[in-house]
Every structure is written in C-alpha cells, then in structure tokens.
Amino acid sequence: MGYAQRKVASTAAKLAHVSSQHLKALPPKHAVAPGRSANAAPAVFDAQSWASSQPPPPSTLAAFAHRIGLASVVPSTEVIQQACTHPSFIQLHTRQHPEHPLPATNASLSTLGNSLLGLFATEYVNSSFPHLPTRVMKAAVSAHVGPTTCANLARELGVTPILRWQRTPTSTANAAVLHADALASVPRALTALVYQYRSLRSARRFAEKFFFSREVDLRGMIKFRDPKQTLLETVSKFGRERPISRLLKETGRYSNSPVFVVGIFSGADQLGEGFGSSLKMAEYRAAEDSLLRLYLTRQPPHLTQLPTSTFPDANGNVYDAQGPEGRYAPVSMGDSEVLYGSAGRAGIRVPGARSTVAVAEDDLEDYV
C-alpha cells in the first residue's frame, strides 16, 4: 500500500462518521492518479477534505434519530441527513464530487425552525415572567434558544460526528461560517422537521423538552443604573404608597467593618432587603432586591397559558390541521413598562392608569 492509500485509510479511520464498509471505492481513483506527464509530480490529493465530503452511514443517522426520539416522526434517514447538512457544505461537495447532484441542505429548515423557536421562547418567557422588562425578555429569549444554546445542545445530542459543513471566511456578501454556526442550525432544523411531519404543538413540546427544561439565570440579566429612582416610578405606577427605607439591623457602626441591614417598605409591606458596609450601599441593594422580586415573579406552571395552545393538536400545518382547539384566556393589559430618563427632557412624568399617588421626590425617604 502506497503513501496515498495509507493516508486516506488513516484519515477515514480518525473520522467517526466515515466507514469504509459503505464506500464504493477506497481509496478513490483520483487519490492515486499520476501526473499529466511522466516527469510531472503526482496530483495533490486532500484526504481530509475527501473524508469530510463523505455521507455518514445510514446506521449512524438511524441511531441519532432514535436517540433524540424522532425515529417515528421522520420518514427516512435522508431527512435527518438533510437536517445535518449546512449550506456551506455545497462548495466542498462540488469540489470533491462535481459529477454528483447537489445534496439537500438545512437552509430552509433552519430558517423555519429559528422562527418557531423564537415564537415558543417569547410566549414562554412572557407568560412565565409577566413583569419582565422588554430588554431582559429579549436577553432571556436569546439565552433559551439563541445561537450559543443551539450549538451547545447540538454537541450534547451528538451532532458533531454527522455534521456536514465547511469553514468559510468572511466575504463581501456573506459572513464567516464557523463550527458553532453550523452546529446551531441542526436543532433549528430538527424543530422544523417536527412541525413539518407532526404539528405545531408537537414542535412546541420538542422545544420544551430540549430547550425550556434548562435553568436560565435571569437575575444576572437585570441591571439598574439607579434602582431607587426605578423603584419610585414602579411603586407609583402600581398605585402603592411611597417606599420608605428603614434600618433593620446593624453591627460594628464604629468599627472598621460595619454591617447595616436596610429594608424598604411600602405601607406595611416589605418590598426588599439589602445589606452593606454603609447605609447608602445597603439602601441601594434593598432597592435592587425590591425590583428583582417584582420582575422575577414567576407565574405558577399550572396557571401559565400559551397562545399557541389554541391550535388543534393534529398532524399538519396550522392552516390545514383539523381538531379540537384549546382554550386561552389572555391576561389583562396593564400599564406599560416603566421608562425613566429616556424622554424626560421636559421633566414631566406621567404615572400609570392605576396610580393614585402623586409624583414624589427622586430620593427615598430617610431612615426611620
């Protein structure tokens, strides 16, 4: 066995998705083709590119479909192979196999799956956390179904050995394609396959199983430039009494390491609590804690209703599916999100419709 044959065999053995048993010719004819003349050097053969252009074995695709629970959903392994083929693979396939037809890619499936995941994540986050600010809700949606999450999920599902793609640099027309970008397209395409061969509810259950079952830390996404001012506006919007800061506990006031515990009250209700080495720090953290308790208030799962639950749970798209429709009771629309400092050039603040408290000063009341 010559050097070229050994190179092809060793490269194919390193790649888990390339099996010499299902290949028609190993090594291929152009791997050992001589040069154009007797004195010319032999043609250069890229064994790595050739091995990457080979399709994964059908047994590997079938095992993957059973592992993720889609064996009874998709009609054949060719559909799974299409979902695992990134559009960047076309260039590599054309260069290695110019006489073969172009393979089907997941371009359209990935686009449809991205829209479906965005729909499911938006209604899930908005229904579970009704008081979440708009920017934080967008960040939470990205954390649930964003590119990084999709790429990590693809690695956990075992997509890496069966993924067909090619790294491409940045051009004037297209952005660079990295390995994470190709991986992220596969979970989106799989979501579109579930919708295509089952129903919208089945696609939502697929997203709930693989995406929404993960815990996302929303607390670190909420940042306040001035939590005391935001708390004043929020309390005024809901028509509650003006917040008051009270010193709850303290120790070591005249030492090098004092600790103060401050609570913020609206009437008889304690909104939040914070500690710090100074009164200002403790008050700042107490105001921040009060806002986090409001924004991170979660709707109980048994009370959470999603708009997509109104579609019938029957095979087919939402326009052709026939069956009983679910009930959905929309929540009442209240005041919009509190925005301060965005368009306050005139210094005028308009409280919400439910507010009965006059606009107060910027700072909280003193400690009592």
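The basis for the numbers below is simple: all heavy atoms, side chains too, and nothing from hydrogens, waters or symmetry mates. Just so it is clear, the structure is predicted and the values come from calculations on it, not from any experiment.
- In this structure, Tyr124 and Phe212 have parallel ring planes: the angle between them is below the 30° cut-off, well short of the 60° mark.
- Looking only at side-chain heavy atoms (C-beta outward), Val141 and His144 stay at 4.5 Å or farther from each other.
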Distance-only donor-acceptor hits, side chain of residues 98-114, under 3.5 Å, sequence neighbours excluded:
{"from": "Asn106", "atom 1": "ND2", "to": "Ala83", "atom 2": "O", "distance (Å)": "2.9"}
{"from": "Asn106", "atom 1": "ND2", "to": "Ser185", "atom 2": "OG", "distance (Å)": "3.1"}
{"from": "Thr111", "atom 1": "OG1", "to": "Ala107", "atom 2": "O", "distance (Å)": "3.0"}

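- Salt bridge Lys237/Glu233: absent, no basic N to carboxylate O contact under 4.0 Å.
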- Task: Test Leu248 against Val262 for side chain to side chain contact (heavy atoms under 4.5 Å, CB included), laying out the working first.
- Result: CA-CA 5 Å; Leu248 302 180; Val262 173; over 6 Å; no
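- Considering CZ of Phe211 and CG of Leu153, their distance stands at 5.0 Å, rounded to 0.5 Å.
- Between the side chain of Thr230 and the backbone N or O of Asp226 there is at least one donor-acceptor pair closer than 3.5 Å.
- Taking 4.5 Å as the limit, some side-chain heavy atom of Asn152 sits within range of a side-chain heavy atom of Thr148.
- Interatomic distance, OH of Tyr295 versus CD1 of Ile222, reported as 8.0 Å (0.5 Å rounding).
- Annotation for Leu92 and Trp165: closest pair CD2-O, 4.3 Å, computed over non-hydrogen atoms.
- Residue Glu123 forms a side-chain contact (heavy atoms from CB on, under 4.5 Å) with just one option from Pro307, Ser309, Ser128, and that option is Pro307.
- Residues Val177 and Arg167 form no side-chain contact, since every pair of their non-hydrogen atoms from C-beta on lies 4.5 Å or further apart.
- A donor-acceptor contact shorter than 3.5 Å is absent between the side chain of Arg293 and the backbone of Gly272.
- Residues passing the side-chain contact (heavy atoms from CB on, under 4.5 Å) test with Ser127, sequence neighbours excluded: Thr304, Leu306.
- Across all their heavy atoms, Pro227 and Tyr284 have their closest contact at CD-CE1, 3.2 Å.
- For the atom pair CE (Met281) and OG (Ser278), the distance works out to 4.5 Å, reported to the nearest 0.5 Å.
- Inter-residue side-chain proximity for Phe265 and Pro243 is flagged as unmet; no heavy-atom pair is nearer than 4.5 Å.
- In this structure, Ser266 contributes its side chain and Asp269 its backbone to no donor-acceptor pair below 3.5 Å.
- Crowding of Phe275 atom CZ: a count of heavy atoms from other residues, nucleotides or ligands under 6.0 Å not exceeding 12.
- Contact of the Val259 side chain with the Lys249 side chain is not registered, since no non-hydrogen atoms from C-beta on lie closer than 4.5 Å.
- Nearest approach of Pro55 to Gln81, heavy atoms of both residues: CB-NE2, 3.9 Å.
- Atom CD in Glu208 sits 11.0 Å away from atom CZ in Arg201 (nearest 0.5 Å).
- Under the 4.5 Å side-chain heavy-atom criterion for Ile, Leu, Val, Met, Phe, Trp and Tyr, Val136 and Leu231 are members of the same hydrophobic cluster.
- Hydrophobic cluster membership is shared by Leu296 and Leu291, with clusters built from Ile, Leu, Val, Met, Phe, Trp and Tyr side chains linked at under 4.5 angstrom.
- A donor-acceptor pair is defined here as one N or O able to donate and one able to accept, closer than 3.5 Å; such a pair exists between the side chain of Thr94 and the backbone of Ile90.
- The shortest distance between side-chain heavy atoms of Thr251 and Phe260 does not fall below 4.5 Å.
- Between the CG atom of Leu70 and the CZ atom of Arg198 there is a distance of 9.5 Å, given to the nearest 0.5 Å.
- Note on Phe64 and Phe89: separate hydrophobic clusters, where clusters join Ile, Leu, Val, Met, Phe, Trp and Tyr whose side-chain heavy atoms are under 4.5 Å apart, directly or indirectly.
- The shortest distance between side-chain heavy atoms of His86 and Arg164 does not fall below 4.5 Å.
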- Between Arg204 and Leu116, does a side chain to side chain contact (heavy atoms under 4.5 Å, CB included) hold up when you go through it step by step? CA-CA 8 Å; Arg204 192 185 67 190; Leu116 289 173; over 6 Å; no
- Verdict with supporting geometry, Val73 and Leu193, side chain to side chain contact (heavy atoms under 4.5 Å, CB included): CA-CA 8 Å; Val73 176; Leu193 287 179; 6.0 Å; no
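- Side chains of Tyr195 and Ser202 form no contact here, defined as non-hydrogen atoms less than 4.5 Å apart.
- The two residues Gly267 and Arg246 come nearest to each other via the heavy atoms O-NH2, 4.2 Å.
- Annotation: the span from Leu294 atom CG to Leu271 atom CG amounts to 9.0 Å, rounded to 0.5 Å.
- Put simply, Leu190 and Tyr197 are part of the same group of oily side chains (I, L, V, M, F, W, Y) that touch within less than 4.5 Å, one to the next.
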- Query: Is there a side chain to side chain contact (heavy atoms under 4.5 Å, CB included) between Arg188 and Thr191 once you walk through the steps?
  - Reply: CA-CA 5 Å; Arg188 299 167 181 167; Thr191 305; 5.7 Å; no
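- Contact between Phe206 and Pro187 at its shortest, heavy atoms only, is CE2-O, 4.5 Å.
- A salt bridge between Asp289 and Arg285 is absent, with no side-chain N of the basic residue lying under 4.0 Å from a carboxylate O of the acidic one.
- Neither side chain, Glu78 nor Gln82, offers a donor N or O lying under 3.5 Å from an acceptor on the other.
- Follow the hydrophobic side-chain contacts under 4.5 Å out from Phe129 and you reach Phe224 in the same cluster.
- A salt bridge links Glu156 to Arg214: at least one charged side-chain nitrogen sits closer than 4.0 Å to a carboxylate oxygen.
- Taking all atoms of both residues into account, the shortest heavy-atom contact from Ser245 to Ile264 is OG-CG1, 4.0 Å.
- More than 12 heavy atoms of other residues, nucleotides or ligands lie within 6.0 Å of NE2 in His179, so this atom counts as buried by the packing criterion.
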